[in-house]
Every structure is written in C-alpha cells, then in structure tokens.
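Order of the sequence lines fixes the chain letters, A, B, ..., with proteins taken first and strands second; residue numbering starts at 1 for each chain.
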2 protein chains.
Amino acid sequence: MEKLLLILGQLMPLSTELREDLSSKVFVSKVKKGEILISEGKICHQLFFIKKGFLRGFHYQNGKEITSWFGFENDFATSTHSFFSQKTGYENVEVIEDGILYGITYEDLNNIYDRHPEFNYVGRLLTEKYYLDVMERTLCLQFQTAKQSYEQLVATHPQILKRAYLGHIASYLGISQETLSRIRAKK
Amino acid sequence: MEKLLLILGQLMPLSTELREDLSSKVFVSKVKKGEILISEGKICHQLFFIKKGFLRGFHYQNGKEITSWFGFENDFATSTHSFFSQKTGYENVEVIEDGILYGITYEDLNNIYDRHPEFNYVGRLLTEKYYLDVMERTLCLQFQTAKQSYEQLVATHPQILKRAYLGHIASYLGISQETLSRIRAKK
DNA sequence: GCGTTTATTTGACTTTTGTCAAAAATTCTT
DNA sequence: AAGAATTTTTGACAAAAGTCAAATAAACGC
C-alpha cells in the first residue's frame, strides 16, 4: 500500500482524507503464474497496481494470441478498454510471474474522484503517460522492418527481453516467433 | 468558441468562472490547406480544437512520411508527445483541408487546470478517450493483413476514406500505397 | 538427476507485401 | 477548356516475413 501512495504522492500532495479513502478501498491480491485475472467477453471492474510480479494483456486475432502490453513492478494494469468504458472487452490479463497486486474497483475509484476532484489531476497525468506509451509503440509498429522493431525494443525496453517469452514478445512486435528467433540468431 | 464550450460542457457542467477563463485564453486560428501547424524538432506549445477542417499528424521514418492520425471536426489535435511532455517532438501537423481552429497554449491550459482543479476531470476523460482510440488502432496494426486493416478502416472510419489521400491512408495503415491501391481494385 | 513438458530454433517452402518505373486518371490553374 | 501538377493505378520483379513440421534446448516436477 505504501508503495502505491508513494507513487501517487509524487504526482501530487495527497490530503490525509484522500490517503485514508484510498487505503480503505484498495485491496491486496496475491497472484500466481498462469492465472487469468481478467477474461475477454466480460466487463472489467478492477484496476491493478503491480507491487511485484509481471503481467501481460493479450487478445485473440485470427485464432492467435496477440500480446498488447507487458506490466512490470509499479505499472498500472487492467483490461483498458473494458475498464474505462465499462463495456465487455476483448482483452485478457494473465500473470506471467507470481506477484502482489493492489486493486481498486471502478466504482470505488470513481467515488474517490467524486469526493476528491483534485485527484483527477493524478488520473489525467497517469492516463497521459500511458497514452504516450501506446502512441510511441504504434509508431514503431506502423512502418519498421521486423529487425528494426526488435532493435528498438532492445534499446527501449530491455526488461521485456529479459523476462517475457519469445512468443509473447513476437506477437507484441507484430511478427511471428520464428522470424524473431531468426533475427536474434543473426546478431 | 460556443461549439467547444458545448462539447466540454457535455462532459461536466462548467462554472461561469471556468467558462470565462477558457473564453479569455482560447484563440481562433484560420488555417489553409498545406500549412504546417507544428514542425518536428520543436516544442509544441498549442493544443487545437478543430471547429472546421481536416488535419493530420505525421512523422518521417526511413525517409518516408508516416501518418499517425487524422483529425476531423470536433477533434482535438496537437503534436501529442511534444505537447504533453513539453519536449521537442518528432511529429508534424499538417492542414489537409482549410479550416478554423480554436487553440490554447500549454501554459494557459495548465493555469486553468490549477485554478479549476475539477477541470482535470474533463482532461482525464478526453485523454482516456484518445488513449482508447490509439490502443485500438495499435491492435489493428499489430497482426492483420493489409486487407483486413483496410476493411476495418472502411467499417470504423469511413470518413477517413472519403477525405484523405490514398498515400496518407496507406501509411496510416502501415502499408504501401501500391498495396492499398491493389486491395481497393480487387473489391 | 531423469523423464516430461514447454519453449525456442532451424529448414524448406509459400505468400504477402514492398519497390521501382511508367501509365492513367484526377484535380487545379489560369 | 487546355495544360500542368498531383494523385492513383498497374506491371514486373525482389525482398521480407509467414507457415508448417521437425529438431533442439531449457525448465519443471517428482
């Protein structure tokens, strides 16, 4: 809990009431490798903060698993589309390494936004950050060779290379696992 | 100006002071086809609301222009990365059809956020919306054939097909103009 | 530590898409 | 309306990446 409040507190001083409100609503959840936290086709009610562990979001396309993001310590994670829109989503969230998560429900979070309008500042800033992340990723996917995409990932997100499966990385880059394996072999 | 306040007002009731603050800071700008509003390598200081007209964001990769987004009436537009981070950016913003824009500077906008903390709610909501838009786009780019990408665009954003150049659409989809032309011919 | 399961690599071949160049079509200008 | 400029289409070929199948390699359970 402390870690989360620390991170949020770095963005904006948190009033005592806000800290208490957050503390009373945030729950802790221990998760095991292989566990599916959120399944496609359902409405996602929780937003998670990763204290420890490693998650990924993925969906199916043409019968294949496509990884859409990786989540590490101190990241926030959820089935983005479903959580924000509160409609059924296409995204699954899977635990890749055992971990400890802090969670909050959509309802509780929005109550906190209502009671503490200034907390929207934190929400805005974090959303902007994740927005920029996806944007940059999109630009990479849009017009690079498989090799360029891989090298960019090596340069910008070495932790993904270290901790994720090759197949997951390949689909994250939008290329086949075999192609990625060959690119690596040639270095 | 009215149109902008109307759109913002649909997200949250705006106090009189907030409306006045916004009105006093937002400027109007008439733009002509071909005009470059924002250039790469510079810090982008303005956020625009498109009252009328048609814009696109693009950058260069391997010597080619890559379109990263299209902006229509009632959309917000800026060099996203540069504006939010206030660092130099790689993105250019170009006017494709003559238009009328409402603009606000980064400084003025943040002063408004400071003076009206509840306005962060609007900022958060809009950011979430644009975040989801990019996310969805990314998923499409990640693992579809050129044909699938095109058909999805036809289905979800027909207005882009109607108003944008083929070359711009092709780079937006991450495919060559020739391939896109061939896909269209075969229908 | 051994066998089993899971993940990665490699090979042969196919498909898709990109590239370059030129032709056709469309739009703009005066 | 004619000519210029721009945009789109088409053709021939090359390169990149995907697919399927099998072989290694690594990780896991007992």
**Report entry** Axial cation check for F54(B) ring with R163(B), 6.0 Å and 45° limits
**Finding:** yes
Report task. Provide, to the nearest angstrom, the distance between the CD1 atom belonging to I169(A) and the P atom belonging to dA7(C). Result -> 13 Å
Enumerate, atom names and distances included, each donor-acceptor pair closer than 3.5 Å involving a side-chain atom of residues 26-41 of chain A, sequence neighbours excluded.
from, atom 1, to, atom 2, distance (Å)
K32(A), NZ, D98(A), OD2, 3.4
K33(A), NZ, Y165(A), OH, 3.2
E35(A), OE1, K32(A), N, 2.9

Requested in this report: Please report, rounded to the nearest Å, how far the C1' atom of dT27(C) is from the CD atom of E97(B).
Outcome: 14 Å
Query raised in the report: Any side-chain donor paired with an acceptor under 3.5 Å for E91(B) and S68(B)?
Result: yes
Requested in this report: Take the protein atom CZ of R163(B) and the nucleotide atom P of dT7(D), then report the distance between them rounded to whole Å.
Outcome: 17 Å
Query raised in the report: Strictly by modelled atom types, are Q148(A) and N62(B) linked by a side-chain donor-acceptor pair under 3.5 Å?
Result: yes
Query raised in the report: Starting at CG of D98(A) and ending at P of dC28(D), how long is that distance when rounded to a whole Å?
Result: 11 Å
Query raised in the report: Using a cut-off of less than 4.0 Å, is there contact between a side-chain N or O of R184(A) and OP1 or OP2 of dT9(C)?
Result: yes
Report summary line: 5' to 3', nucleotides 14-21 of chain D under a 4.0 Å protein heavy-atom cut-off (B base, S sugar-phosphate only, - none) gives ---SSBB-
**Report entry** Gap between atoms CD and P, on Q148(B) and dT17(C) respectively (whole Å)
**Finding:** 9 Å
**Report entry** Pair H59(B), N92(B): side-chain N/O donor-acceptor within cut-off below 3.5 Å
**Finding:** no
Requested in this report: Would you confirm whether K3(B), through its side chain, and K51(B), through its main-chain N or O, come within 3.5 Å as a donor-acceptor pair?
Outcome: yes
Requested in this report: Please report, rounded to the nearest Å, how far the C1' atom of dT5(C) is from the NZ atom of K33(A).
Outcome: 11 Å
**Report entry** Interatomic distance where NZ belongs to K186(B) and P belongs to dT8(D) [whole Å]
**Finding:** 19 Å
**Report entry** For atom CD of Q142(A) and atom P of dT17(C), their distance in whole Å
**Finding:** 16 Å
